[in-house]
Amino acid sequence: MSEERKSLNFLEQIIEEDLANGMPKNKLRFRFPPEPNGYLHIGHTKAIGISFGLGEKYNAPVNLRFDDTNPAKEEQEYVDAIKEDVSWLGYTWDKELFSSDYFKQLYDWAVHFIKEGKAYVDSQSSEAMAEQKGTPTQPGVDGPFRNRSIAENLDLFERMKAGEFEEGSHILRAKIDMQHPNMLMRDPIMYRILKKDHHRTGDDWCIYPMYDWTHGESDYIEQISHSLCSLEFKPHRELYDWFLDQVVDKTLVRPKQREFARLNLSYTIMSKRKLLKLVEDKIVNGWDDPRMPTISGLRRRGYTPAALRKFVETVGVAKRDNIIDVSLLEFCIREDLNKTAPRVMAVLDPVKLVITNYPEGKEEWLEAENNQEDDSAGFRKVPFSRELYIEKEDFKEVAGNKFFRLKLGGEVRLKNAYIIKADSVTKDPNGNITEIQCTYSEDTAKKVKGTLHWVSIKHAVKAEVREYDRLFMDEAPDSHQDKDFMEFLNPESLKIIEAYVEPSLLEAKIGDRFQFQRLGYFNVDNDSSSNKLIFNKTVGLRDSWEKQKPIENKNQNKPQNNTSQPQRKAIDVIQQLGKKYTNLPEGKQEKAKAEILELAKDVSYDDLQPLFNTAAKKVGTRIATTIVLGVLLENGLERNAEVNDFINKALEDTDALLVKEAKMLL
């Protein structure tokens, strides 16, 4: 039993203790209570996952309750979007409820408070009330209206409800303690006048309850057993309990508020207000822009419910706020799509390639595997002809032995097709290569080191590709007190590319996801039509940002020594980094990985191949080898039996870091 308890997160431990202390299991009930004033974002997936996850674990109902107490910011559009997002994530709620369902009950309770001398109408300006409230280190003072008679308070409150007064002229406050050390307990506001129509109740009300007053009482009405919220509400717990103290029936379930750390993501804004500004200022094309961290934006970009749920599960439940690296989210979607996305060929930056010894007019339909990770995915036919497109970066006239793609005089394999040799090129007046002339060999068993993707020009389908990058260039764009978060916008967050794809994609439907071989994962955008295919880039095959992190120059402050010293080979330095890799803390592992990625540019396959036989116990060296292998494969290295054998052994290892790196090569 003790081992089982160790695996429980602290929220589950609280629930287990309550059950052990006599709470009937059938009294467990949870809720997810969004405010319908914006679209849900990646941070909300944690709150959703916690509440609905507990519901699944304990077979307990979970309510979807909209805390709709501010008609100035709430809209039916947001209600509909939230319901769609929660359903898409794969969760089913028990009851769909609204705090506005309880407006009458909340009002009646407020009247009861007044009659009990526990609430009063304050008629001061907001500035005067703020001044009287004091500071965290200085107690507040009683205001001039705090001791109004019960009769006067009842009269004023009734007239507030009737619409006699202007906004800001009166509020209803709980009468607690203006000297309380917790400022939230210094006579908090319960009601304010807002002469705005509500998205559900219309103009029935012109006074609206405050969130702190509404939230706990709504939990109580619904008989929520555990009210789970993020850490910023921890100071509110005392007020939550005070309000409940005034109304609870001891024979009913009393909700228990407990707090967990919210989800913060690097390079990402989580504030609804700031996300709304991006929409209103047209920095993005709506709440579902694929650059947005909203669930609808991630869905449109090609993220899957399974990937988001796996991400939340991996992050876990903590008591302290921290920032999760966005690369973990990207790893989760790569891992999911690697298993499920069909492989296809597309060329994003084309250059023409002509196979001079291939008969003009001839075409073949060659068999291609849809997904080597899925035995049930089957095969498809791809057309091959004399004239092809390949990626411009896949050809160099002259290149060293670390370039595994096509070069003059060199040979590569065309994926699913033949081996070709580059013989000559044609250039425009500016020296740009416009055509590569090659010859092909039908001997497909010949060993070559590089494999390229391609599309037949005759059969190629034009498509628009929207290549997305991170919206912000700073890891914490809203953490700078002296700068506006908008200053960190990435001007290169969206590139529109005219690409060529294989004809099988003419059958693709909106939302379908694919791996464009050697390029990344893409999905069909909502704007796509039968006349114009449009793809969004979901994520690359590898973390391209990892390479961009600056490598600390440990010798930058040392005096330069002009004495010529023999330079160590890159592979030797990588081996040294690998030996200590698993003993490094996470932050230093990231630096070591960045250095290995940089050094990998100077490593050939012949340098790396001997490390494939590294002993199983030397995990760090095998991790370093895997990282370098990823760079070589990205540069066009063909997967041979030795490469596949090394990757398969890594995948079967018990070390999580090694398995993680190996999965990125699939």
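Counting from 1, the numbers follow the sequence of the chain as shown.
A salt bridge is absent between Asp374 and Lys339; no separation between the charged side-chain nitrogens and carboxylate oxygens falls under 4.0 Å. One finds no salt bridge joining Arg343 and Glu373 here, because no Lys/Arg side-chain nitrogen approaches an Asp/Glu carboxylate oxygen to under 4.0 Å. Look at Arg405 and Glu391 and you find no salt bridge, because none of the NZ, NE, NH1 or NH2 atoms lies under 4.0 Å from a carboxylate O. Salt bridge status for Lys569 with Asp607: present, with a side-chain N to carboxylate O gap under 4.0 Å. No salt bridge links Arg513 with Asp336; every basic N to acidic carboxylate O contact stays at or beyond 4.0 Å. Salt-bridge formation is detected for the pair Lys649/Asp645: a Lys NZ or Arg NE/NH1/NH2 atom is positioned less than 4.0 Å from an Asp or Glu carboxylate oxygen. Ionic pairing of Asp474 and Lys483 is not present here: no N-O contact between side-chain nitrogen and carboxylate oxygen is shorter than 4.0 angstrom. The pair Lys532-Glu464 counts as a salt bridge, with a side-chain nitrogen and a carboxylate oxygen less than 4.0 angstrom apart. For the pair Glu411 and Lys421, the salt-bridge criterion is not met [side-chain N within less than 4.0 Å of a carboxylate O]. No salt bridge links Asp572 with Arg568; every basic N to acidic carboxylate O contact stays at or beyond 4.0 Å. Using a cut-off of 4.0 Å between Lys/Arg side-chain N and Asp/Glu carboxylate O, Glu397 and Lys407 are scored as not salt-bridged.
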Item to complete: Apply side chain to side chain donor-acceptor pair (under 3.5 Å) to Thr626 and Glu661, showing your working.
Response: CA-CA 6 Å; Thr626 308; Glu661 292 296 339; over 6 Å; no
Practice prompt. Check the pair Lys415, Met345 against side chain to side chain contact (heavy atoms under 4.5 Å, CB included), reporting the backbone distance first and the verdict last.
Written response: CA-CA 9 Å; Lys415 182 73 174 173; Met345 292 193 288; 4.1 Å; yes
Worksheet entry | Intermediate values then yes/no, side chain to side chain contact (heavy atoms under 4.5 Å, CB included), Leu608 and Leu611 | CA-CA 6 Å; Leu608 188 67; Leu611 296 186; 4.2 Å; yes
Fill in: Residue pair His453, Phe516: steps toward the ring pair (Phe, Tyr, Trp, His ring centres under 6.0 Å) verdict
CA-CA 9 Å; His453 64 278; Phe516 288 1; 9.1 Å; no
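Rounding to the nearest 0.5 angstrom, the gap separating the OH atom in Tyr468 from the OG1 atom in Thr538 is 10.0 Å. Interatomic distance, CH2 of Trp88 versus OG of Ser296, reported as 9.5 Å (0.5 Å rounding). Interatomic distance, OG1 of Thr304 versus CD of Glu335, reported as 10.5 Å (0.5 Å rounding). Separating the OH atom in Tyr267 from the CD1 atom in Ile323 is a distance of 11.0 Å, to the nearest 0.5 Å. In this structure, CD1 in Ile390 is found 6.0 Å from CD1 in Ile420, a value given to the nearest 0.5 Å. Within the model, atoms CG of Leu329 and CZ of Phe311 stand 5.0 Å from one another, a figure rounded to the nearest 0.5 Å.
With respect to Trp454, the ring pair (Phe, Tyr, Trp, His ring centres under 6.0 Å) criterion is satisfied by exactly one of Tyr440, Phe384, Tyr389, Tyr500: Phe384. When Asp289, Asn536, Asp527 are each tested for a side chain to side chain donor-acceptor pair (under 3.5 Å) with Arg300, only one passes: Asp527. For the salt bridge (charged side-chain N to carboxylate O under 4.0 Å, His left out) with Glu330, the qualifying choice from Arg542, Lys537, Arg470, Arg301 is Arg470, the only one to do so.
Taking the six-membered ring for Trp and the full ring otherwise, the centers of Trp365 and His459 sit less than 6.0 Å from each other. Side-chain rings of Phe612 and Phe646 approach one another, their centers coming within less than 6.0 Å.
Within the structure, the salt bridge (charged side-chain N to carboxylate O under 4.0 Å, His left out) test picks out the following pairs touching residues 489-507 (sequence neighbours left out): Arg380-Glu502, Lys462-Glu498.
With sequence neighbours left out, the side-chain contact (heavy atoms from CB on, under 4.5 Å) criterion links Ala616 to Arg622. For Phe331, the ring-ring contact (aromatic ring centres under 6.0 Å, His included) test picks out no residue, with sequence neighbours left out.
A donor-acceptor distance shorter than 3.5 angstrom exists from the side chain of Asp655 to the backbone of Leu658, with no hydrogens or angles considered.
A pairwise comparison of heavy atoms in Val603 and Ala570 identifies CG2-CB, 4.0 Å as the closest pair.
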